[in-house]
Number of protein chains: 2
Amino acid sequence: MENFREMMKGVLEGCVLEIISRGETYGYEITQQLRELGFTDVVEGTVYTITMRLEKNNLVDIEKKPSTKGPPRKFYTLNEVGHEHLKTFWNKWEFVSSKINELKTKTEKEKRI
Amino acid sequence: MENFREMMKGVLEGCVLEIISRGETYGYEITQQLRELGFTDVVEGTVYTITMRLEKNNLVDIEKKPSTKGPPRKFYTLNEVGHEHLKTFWNKWEFVSSKINELKTKTEKEKRI
DNA sequence: ACTAGTATATAGTATTGCTAAGTAGTTTGT
DNA sequence: ACAAACTACTTAGCAATACTATATACTAGT
């Protein structure tokens with residue numbers, strides 16, 4: 001499908017938070033997980049800008065570990081603030097998506113008349 | 001709740017398209033409908049920039065009519081391109097929201113383990 | 001040596017919703 | 001007559017975010 005770019009704004013960071021919350025992971029792996037999930041257009045650069053932002057906002061703890069397959073990896077884990085952020089994200093998502101779906105179904109109902 | 005700003009990016013235009021598709025309407029009314037729907041932070045300026053964009057991209061037909069309560073209203077109706085755009089929007093929304101919810105529920109399942 | 005895969009980083013761009021302010025017509029209260 | 005409130009449209013400028021493109025570097029296979 002076409003460009004989801006704008007629709008991903010505001011939710012991609014939440015997705016990254018969610019993925020990190022499942023357990024220690026690093027940028028490259030997060031990218032792959034997002035692509036597996038279906039967001040095939042997500043590239044490394046995008047994820048790195050997000051992880052950088054998470055660092056800057058102190059939502060994650062960082063640990064650098066060597067890799068057998070390439071350069072050292074930067075592992076992230078959510079700290080307490082990060083977990084709160086994630087919770088807020090899901091609340092927002094719940095609200096927004098329910099409203100959008102309300103708008104959608106309301107019209108489908110009207111269309112049947 | 002806090003700022004939904006980023007999360008609204010990419011969906012607000014779709015909402016406006018949807019509202020217009022229900023029947024001829026104008027900017028001020030669209031704003032009110034969005035606010036009634038729950039997007040209380042949406043203000044006129046935001047909607048007008050969207051309707052301007054719709055005009056520019058030729059997704060709407062325009063008809064100016066007098067109002068008994070104020071200045072003349074600019075009524076919008078979706079043209080064929082607009083309807084296609086709306087359809088694409090809902091397809092995108094269906095895809096993205098299902099993926100996000102997949103990510104959400106997958107984790108909830110894991111949390112139960 | 002070369003290529004591919006793994007891994008991090010960053011400068012620059014486009015899009016988009018919001019802020020803030022202005023212009024104008026109508027109605028209501030004083 | 002005047003002000004305030006509501007209706008209605010418009011625009012300049014801002015902030016946030018995801019993407020593009022590119023650079024760097026380590027490892028393994030050919």
Side-chain angles (χ1 to χ4, degrees), chain A residues 2-17 24-35 39-57 59-60 62-76 85 89 92 96 99-100, chain B residues 2-17 24-35 39-57 59-60 62-76 85 89 92 96 99-100:
Chain A
E2 295 152 70
N3 70 319
F4 294 97
R5 191 178 182 145
E6 295 310 326
M7 207 174 270
M8 293 309 287
K9 283 192 184 174
V11 296
L12 199 52
E13 182 180 307
C15 292
V16 172
L17 280 174
E24 205 183 41
T25 184
Y26 55 99
Y28 191 78
E29 196 180 44
I30 293 169
T31 310
Q32 289 177 313
Q33 285 192 38
L34 285 169
R35 293 171 79 94
F39 300 131
T40 50
D41 290 342
V42 175
V43 291
E44 281 118 296
T46 304
V47 173
Y48 287 109
T49 50
I50 293 172
T51 51
M52 289 299 156
R53 202 158 64 226
L54 300 181
E55 285 184 35
K56 202 183 113 200
N57 298 339
L59 306 180
V60 286
I62 309 168
E63 202 180 342
K64 215 160 196 171
K65 296 182 189 177
S67 166
T68 55
K69 294 181 183 173
R73 297 164 174 166
K74 248 173 99 175
F75 282 88
Y76 296 104
H85 234 78
F89 165 72
K92 278 197 226 174
V96 171
K99 290 303 177 187
I100 305 280
Chain B
E2 293 153 68
N3 71 317
F4 293 97
R5 191 182 185 141
E6 295 310 323
M7 207 174 271
M8 293 310 287
K9 285 194 182 174
V11 297
L12 198 53
E13 181 180 307
C15 293
V16 171
L17 279 174
E24 207 181 40
T25 184
Y26 54 99
Y28 191 79
E29 196 181 42
I30 294 169
T31 310
Q32 289 176 312
Q33 285 191 38
L34 285 168
R35 294 172 78 93
F39 300 129
T40 50
D41 290 342
V42 175
V43 290
E44 281 119 297
T46 304
V47 173
Y48 287 111
T49 52
I50 293 173
T51 52
M52 289 299 157
R53 205 157 63 225
L54 300 180
E55 284 185 36
K56 202 183 114 201
N57 297 338
L59 307 180
V60 286
I62 310 168
E63 203 180 343
K64 213 158 195 172
K65 296 181 187 178
S67 166
T68 53
K69 294 182 183 172
R73 298 164 174 166
K74 251 174 97 175
F75 281 88
Y76 295 103
H85 234 77
F89 165 73
K92 279 197 228 174
V96 171
K99 291 301 177 188
I100 305 279

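Convention: sequence-line order gives letters A, B, ...; per-chain numbering from 1.
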Closest-nucleotide 5' rank along DNA chain D - winner of A:Gly70 and A:Met8: A:Met8
Atom of A:Thr31, atom of A:Val42 and distance for their closest heavy-atom approach: CG2-O, 3.8 Å
Kindly give the heavy-atom pair with the smallest separation between A:Val96 and B:Phe4, and that separation in Å. CG2-CD2, 3.5 Å
Measure [atom1]/[X] against [atom2]/[N] and give the value in whole Å, please.
| X | N | atom1 | atom2 | answer |
| --- | --- | --- | --- | --- |
| B:Tyr26 | D:dC6 | OH | P | 15 Å |
| A:Met7 | D:dA16 | CE | P | 23 Å |
| A:Arg73 | C:dA9 | CZ | P | 14 Å |
| B:Ile62 | D:dA8 | CD1 | C1' | 15 Å |
| B:Leu34 | C:dT16 | CG | C1' | 15 Å |
| A:Phe4 | C:dT16 | CZ | P | 15 Å |
| A:Ile30 | C:dA9 | CD1 | P | 12 Å |
| A:Lys56 | C:dT10 | NZ | P | 12 Å |

Dump the intermediate steps for side chain to side chain contact (heavy atoms under 4.5 Å, CB included) on A:Thr46 and A:Met8, then the final yes or no. CA-CA 11 Å; A:Thr46 304; A:Met8 293 309 287; over 6 Å; no
When you measure from the side-chain N and O atoms of [X] to the phosphate of [N], is any distance below 4.0 Å, counting only OP1 and OP2?
| X | N | answer |
| --- | --- | --- |
| B:Arg53 | C:dG17 | yes |
| A:Tyr48 | C:dA7 | no |
| A:Ser67 | C:dT6 | no |
| A:Thr46 | D:dC19 | yes |
| B:Arg5 | C:dC18 | no |

Scan [X] against the nucleic acid and name what it touches under 4.0 Å (heavy atoms): base, sugar-phosphate only, or nothing.
| X | value |
| --- | --- |
| B:Thr68 | sugar-phosphate |
| A:Gly27 | sugar-phosphate |
| A:Lys74 | sugar-phosphate |
| B:Glu29 | nothing |

Is any NZ, NE, NH1 or NH2 atom of the basic residue among A:Glu55 and A:Lys74 found under 4.0 Å from an Asp or Glu carboxylate oxygen of the other? yes
Does a salt bridge link A:Glu24 with A:Lys65, judged by any charged N lying under 4.0 Å from a carboxylate O? yes
Looking at [options], which one has an atom nearest to any side-chain atom of [X]?
| X | options | value |
| --- | --- | --- |
| A:Leu12 | C:dC18, D:dA18, D:dT7 | D:dA18 |
| A:Glu6 | C:dT15, C:dA9, D:dC19 | C:dT15 |
| A:Glu13 | C:dC18, D:dT17, C:dT6 | D:dT17 |

Taking the nucleotide of DNA chain C with the closest heavy atom to each, which residue, A:Lys69 or B:Pro72, is nearer the 5' end? A:Lys69
On DNA chain C, does the nearest nucleotide to B:Gly45 precede the nearest nucleotide to A:Met52 from the 5' side, or the other way round? Give the residue. A:Met52
Polar side-chain contact A:Lys9-D:dT17 base: donor and acceptor under 3.5 Å: yes
Residues A:Val43, A:Arg35; criterion side chain to side chain contact (heavy atoms under 4.5 Å, CB included); working and verdict: CA-CA 8 Å; A:Val43 291; A:Arg35 293 171 79 94; 4.0 Å; yes
